Novice: 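The structure is given below, and queries will be raised subsequently.
Computed from a prediction, not measured in an experiment: that's the story for all the values here. Reminder, nothing fancy here: chain letters follow the sequence lines and each chain counts from 1.
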Amino acid sequence: MTQPRQLIPMAAPSFPTATLTPVLIHLLRGASDLASVAATHAKLLKAGVASTLASSNHLLAAYCRCSAMSRARDLFDRMPDRDVVSWTTLMSGYAASGRPREAVALLRAIDFSGVQPNVVTFSTAVSACAHLADAGLGRQVHSRAKVAGCACDTVVATALVDMYGKAGRIEDARAVFDGMAAPARNDVSWGAMLAVYAQNALGNEAIELFAELRTNGSGVTPNHFMLSSVVSACASVVRLSIGKCVHGTVLRLWHGNNEVIAVALVDMYSKCGCYKYSRKVFNGMEEPSIIPYTSIIVAAAKYGLGRCALTLFNEMVDRGLQPNDVTLLGVMHACSHSGLVDTGLRLLRSMKSKYGVTPCPSHYTCAVDMLGRAGRLEEAFEMAKEAQVEGNEALLLWSSLLSACRTHKRLDLATLAGQRVSEFNQDIAGGLVVMSNAYASAGQTDNAAAVRSSMRQRGIRKDPGCSWIEVKDIPYVFYAGATSCAGARTDELLMLLDELECKMREKGFKGRLGSARVSDAHEDDGDEGRGVMVPLPWSTTMGIALGAAKGHAFLHVAEKPVIYQDFKTSNIWLGDVTGRVKALSNCTR
DNA sequence: GTAGGGTTAG
């Protein structure tokens, strides 16, 4: 057997650059870590190879790929020549390693270098602005791209759509999208625009745009990006029938195995009152990652299936998946909504040591809420003080505690919590409403009326909380405190509510649905009100609406109907209670 | 040859 021939001489005194570059590319392509990139770099220097612009750019890109930004910067600063690729590579490196501001700053520096930025440079800079969600900075980059004649490029324009969307400037995003000539729009542009609507809770706009894409012969077939956005849009506006329809499209286009879409479907069904369908989609997943698990745990939590959520959580941990802050919040919510207070508290106390997650304000708020629901108000107060949260988060935390005090008729503590709420609340309407309700619950109707009248005098209005749900393709809208139900059946439904209250009392429900119904009265600014929405003492941040649809009664639960603005996305069914109401409905009929 | 755009859980 002959010795294999040595292909590369051990010591190459001088490689011609032309033959070296492919070798360099080959070496750098296999180098995913800093050590091997640095080793290749060292070999080159040792061999005394003259560095060319191209070889330096390759090295620069390799350093950026392993986020070795100080090495990259060092190399960049030493380069005798830099072209637009060198600048853009460094910019992209900063953006990818979570330093978008430095990336955008490079756009100014290019001016002084005499290098002309191109479409790639601009798309990179715009995308960095998107990460910052900074519309002001983004607009500046947009202007510069226009001047440079790069703003009409498909990729730059798509990045602009995304950037304006991430910065919450929907109109600007749409203007850029509309400004794109039909051939310039591709699947990515459509996907970006759909995502803008979906991510900004404009579900109906997303659905409308998707319909346009499907009917106008745009020549674009929905892909997994668009489908996940549209499903998520259906979830945000609780459009079950359209969501099911999109689910059909997902299956027809062979995207049934896509995890991102599946997560959106799990979420959509859970928000539309179909926990069973959520479960079906989840069970059909091959190897669910942390996000699907979190999604189904949150769904179970909303339906009061605490034990089920804990089982899923344990199964997930057994599979070696590491829970994150969102997962743990979901599990805590599950404990909270199922009265598993001590389990929830143990989780809060052990999450740092067991899972390496430091509790954040939302975990404390959840714990405070959990203690509050259970009537353990002193402990809830201690927890609230311990959390030491600020700003909007403090508002959420203390509002939750205030609601709990009101529910448990602890006016002494309600006053304290009410003070804290007013400290942090700029929009004080919600806080005052809760305070007024707290007085009313404690039987101090004069004080309650005084708060209301002071609100009227000061021109402070609280928009009535409302929520809606689709039953057999018909949307039903409910306003907080509205006592009118579907036409002539009002009396019958109120009677049903009373019966429900009795049944619930047998199950340990304390307090009265009826009294809350009266004290919660808001101005009803629409004539669509078809139900009553009252807070449940065992679930202080939830309201419950009872309405009629197609001759049967149902319970509709909306989270946080009184204080918060974001409850609109949380329309859900409370499964077990729904069953009882349906049974009651049969008795009443 | 080296640099660019869109998706899911709270």
Novice: Nearest to the side chain of A61(A) - dG5(B), dA3(B), dA9(B)?
Specialist: dA3(B)
Novice: Kindly point out which of dT8(B), dG5(B), dT7(B) is positioned nearest to the side chain of S229(A)?
Specialist: dT7(B)
Novice: Output the rounded distance in Å from CE (M285(A)) to C1' (dA9(B)).
Specialist: 11 Å
Novice: By nearest atom, which of the nucleotides dA9(B), dT2(B), dG10(B) is closest to the V85(A) side chain?
Specialist: dT2(B)
Novice: Separation of N200(A) atom CG from dT7(B) atom P, in whole Å?
Specialist: 11 Å
Novice: Kindly determine whether Y269(A) and H247(A) satisfy side-chain hydrogen bond (donor to acceptor under 3.5 Å, both in side chains), including the steps that lead there.
Specialist: CA-CA 10 Å; Y269(A) 282 125; H247(A) 191 174; 2.8 Å; yes
Novice: Are Y63(A) and F76(A) an aromatic pair, judged by ring center distance below 6.0 Å?
Specialist: no
Novice: Side-chain N or O of S92(A) less than 4.0 angstrom from OP1 or OP2 on dG4(B)?
Specialist: yes
Novice: Looking at dG10(B), I'd like to know if its phosphate oxygens (OP1 or OP2) sit under 4.0 Å from a side-chain N or O belonging to K271(A).
Specialist: yes
Novice: Does dT8(B) have its OP1 or OP2 closer than 4.0 Å to a side-chain nitrogen or oxygen of Q199(A)?
Specialist: yes
Novice: Have a look at T124(A) and say if it touches a base, only the backbone sugar-phosphate, or nothing, with a 4.0 Å heavy-atom cut-off.
Specialist: sugar-phosphate
Novice: Any donor-acceptor pair under 3.5 Å between the side chain of N324(A) and the base of dA9(B)?
Specialist: yes
Novice: Less than 3.5 Å apart, any donor N or O on the side chain of N118(A) or T121(A) sitting next to an acceptor on the other?
Specialist: yes
Novice: Among dT8(B), dG10(B), dT2(B), which nucleotide sits nearest the side chain of I291(A)?
Specialist: dT8(B)
Novice: What nucleotide, of dA9(B), dT8(B), dG5(B), holds the atom closest to the side chain of V260(A)?
Specialist: dT8(B)
Novice: Hey, is the side chain of N118(A) pairing donor to acceptor with the base of dG4(B) inside 3.5 Å?
Specialist: no
Novice: Just how far, in rounded Å, is P of dT7(B) from CG of D267(A)?
Specialist: 16 Å
Novice: Applying a 4.0 Å non-hydrogen cut-off, can you work out what V119(A) is touching in the nucleic acid: base, sugar-phosphate, or nothing?
Specialist: base
Novice: Scan T121(A) against the nucleic acid and name what it touches under 4.0 Å (heavy atoms): base, sugar-phosphate only, or nothing.
Specialist: nothing
Novice: Looking at dT8(B), dG6(B), dA3(B), which one has an atom nearest to any side-chain atom of S232(A)?
Specialist: dT8(B)
Novice: Whether the side chain of D153(A) and the base of dG4(B) hold a donor-acceptor pair under 3.5 Å is what I'd like checked.
Specialist: yes
Novice: Does NZ or CZ of R144(A) fall inside the cone over F122(A)'s six-membered ring, less than 6.0 Å from its centre and within 45° of the axis?
Specialist: no
Novice: Would you check, one step at a time, whether the test side-chain hydrogen bond (donor to acceptor under 3.5 Å, both in side chains) holds for T52(A) with S55(A)?
Specialist: CA-CA 5 Å; T52(A) 61; S55(A) 68; 3.2 Å; yes
Novice: Mark yes or no for a side-chain to base donor-acceptor pair under 3.5 Å between S228(A) and dT8(B), with no hydrogen or angle criteria applied.
Specialist: no
Novice: Rounded to the Å, how far apart are N223(A) CG and dT8(B) P?
Specialist: 13 Å
Novice: Closest to the S123(A) side chain: dG10(B), dG4(B), dG5(B)?
Specialist: dG4(B)
Novice: Scan side-chain atoms only and decide if E315(A) and Y293(A) contain a donor-acceptor pair under the 3.5 Å cut-off.
Specialist: yes
Novice: H131(A) NE2 to dG5(B) C1': how many Å, rounded?
Specialist: 11 Å
Novice: Whole angstroms only, please: what is the CZ-P distance between F210(A) and dT7(B)?
Specialist: 16 Å
Novice: Less than 3.5 Å apart, any donor N or O on the side chain of S362(A) or E393(A) sitting next to an acceptor on the other?
Specialist: no
Novice: Would you say dA9(B) has OP1 or OP2 under 4.0 Å from some side-chain N or O of K302(A)?
Specialist: no
Novice: Has R65(A) got a side-chain N or O lying under 4.0 Å from the OP1 or OP2 atom of dT2(B)?
Specialist: no
Novice: Remember a base hit wins even if backbone is also touched, and classify V326(A) as base, sugar-phosphate or nothing at under 4.0 Å, heavy atoms.
Specialist: base
Novice: Can you measure H142(A) atom NE2 to dG5(B) atom P for me and round it to whole angstrom units?
Specialist: 17 Å
Novice: For D83(A), which contact category applies under a 4.0 Å heavy-atom criterion: base, sugar-phosphate, or nothing?
Specialist: nothing
Novice: Using a cut-off of 4.0 Å on non-hydrogen atoms, how would the nucleic acid contact of S86(A) be classed: base, sugar-phosphate, or nothing?
Specialist: nothing
Novice: Take the protein atom CG of D369(A) and the nucleotide atom C1' of dG10(B), then report the distance between them rounded to whole Å.
Specialist: 14 Å
